[in-house]
Amino acid sequence: MAEWLKSLAGGLCILTVLLHLIPDGKFTKYVKFYAGLLFFLIAARPVIRFFAGDGELERLLRLEFVKEEHYDLQNAVEGMSELKNSQISAALKQEIVRQITEISAAYSLTAYEITLDFDEKDEYLLEGISFSVSGGDDAAVEAVIQELSGVYALEEKEIRIFRQGG
């Protein structure tokens with residue numbers, strides 16, 4: 001942020017000096033136009049980085065979509081409580097595995113060997129998650145643990161991630 005403000009102030013100073021040095025004539029309007037364009041690009045740099053930068057916006061949107069899908073799935077399961085059977089349970093587990101894989105991928109991790117622990121009395125109440133990952137770094141693993149904790153309302157200690165390879 002400080003670097004952006006310095007660039008903005010420096011660009012404004014250079015623009016002002018340049019306009020004072022150019023004599024009034026036919027080049028003034030061109031200098032004003034291109035200097036203004038350059039100044040606009042410097043001023044808009046944070047917005048441009050946000051939309052075209054390191055994919056942060058895309059990653060955040062993907063995670064929000066996964067969260068929304070999970071909440072919709074949870075509501076659908078609650079609405080079908082009278083239809084409890086093994087097919088619904090299997091579909092729920094398969095969807096949670098898919099969501100865990102997608103959340104991990106959002107942090108450049110590859111998830112595999114995913115194990116879900118459900119409550120013995122309520123086959124739809126998730127109590128723990130264990131899986132292995134490859135790729136990424138320790139910060140990405142911590143971020144995935146926090147995301148999963150938020151999405152599935154689990155304590156971080158109930159989410160066990162084992163790093164494999166690099």
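Heads up: numbering here begins at 1 and tracks the sequence. Values below: every heavy atom of this structure, side chains too, minus hydrogens, waters and symmetry copies.
Across all their heavy atoms, A140 and Y107 have their closest contact at CB-O, 3.6 Å. Taking each heavy atom of I96 and F118 in turn, the nearest pair found is CD1-CZ, 4.2 Å. Heavy atoms only, all atoms of each residue included: S130 and D117 are closest at OG-OD2, 4.5 Å. Across all their heavy atoms, L109 and G136 have their closest contact at CD2-CA, 3.6 Å.
Between L92 and Y124, the closest side-chain pair of non-hydrogen atoms falls below 4.5 Å. Contact of the L148 side chain with the L154 side chain is not registered, since no non-hydrogen atoms from C-beta on lie closer than 4.5 Å. With a 4.5 Å cut-off on side-chain heavy atoms, V141 and V133 count as touching. Residues Q164 and Y112 have side chains in contact (heavy-atom distance under 4.5 Å, counting atoms from C-beta outward). Looking at I103 and V151, their side chains come closer than 4.5 Å, going by heavy atoms from C-beta outward. E95 places none of its side-chain heavy atoms less than 4.5 Å from the side chain of H70. Contact annotation: the side chain of E147 approaches that of L63 to within less than 4.5 Å [non-hydrogen atoms, C-beta and beyond].
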Dump the intermediate steps for side chain to side chain contact (heavy atoms under 4.5 Å, CB included) on E69 and R98, then the final yes or no. CA-CA 11 Å; E69 287 174 358; R98 186 195 65 77; 2.4 Å; yes
Go through the steps to decide whether L116 and F131 satisfy the test side chain to side chain contact (heavy atoms under 4.5 Å, CB included), and finish with yes or no. CA-CA 9 Å; L116 306 173; F131 61 100; over 6 Å; no
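Atom NZ of K93 is separated from atom OG1 of T115 by 11.0 Å, given to the nearest 0.5 angstrom. A distance of 8.0 Å separates CD1 in I161 from CD in E142, rounded to the nearest 0.5 Å.
No side-chain donor-acceptor contact under 3.5 Å links S149 to the backbone of I145. Formation of a donor-acceptor pair under 3.5 Å by the R160 side chain with backbone atoms of G128 is not found in this model.
Atom CZ of F40 has 12 or fewer heavy atoms from other residues, nucleotides or ligands within 6.0 Å. Within 6.0 Å of the CZ atom in F162, the count of heavy atoms belonging to other residues, nucleotides or ligands exceeds 12.
Checked against side-chain hydrogen bond (donor to acceptor under 3.5 Å, both in side chains), D137 has no partners two or more places apart in sequence or in another chain. Every residue two or more places apart in sequence or in another chain was checked for a side-chain hydrogen bond (donor to acceptor under 3.5 Å, both in side chains) with T110, and none qualifies. With sequence neighbours left out, the side-chain hydrogen bond (donor to acceptor under 3.5 Å, both in side chains) criterion links Y152 to Q99.
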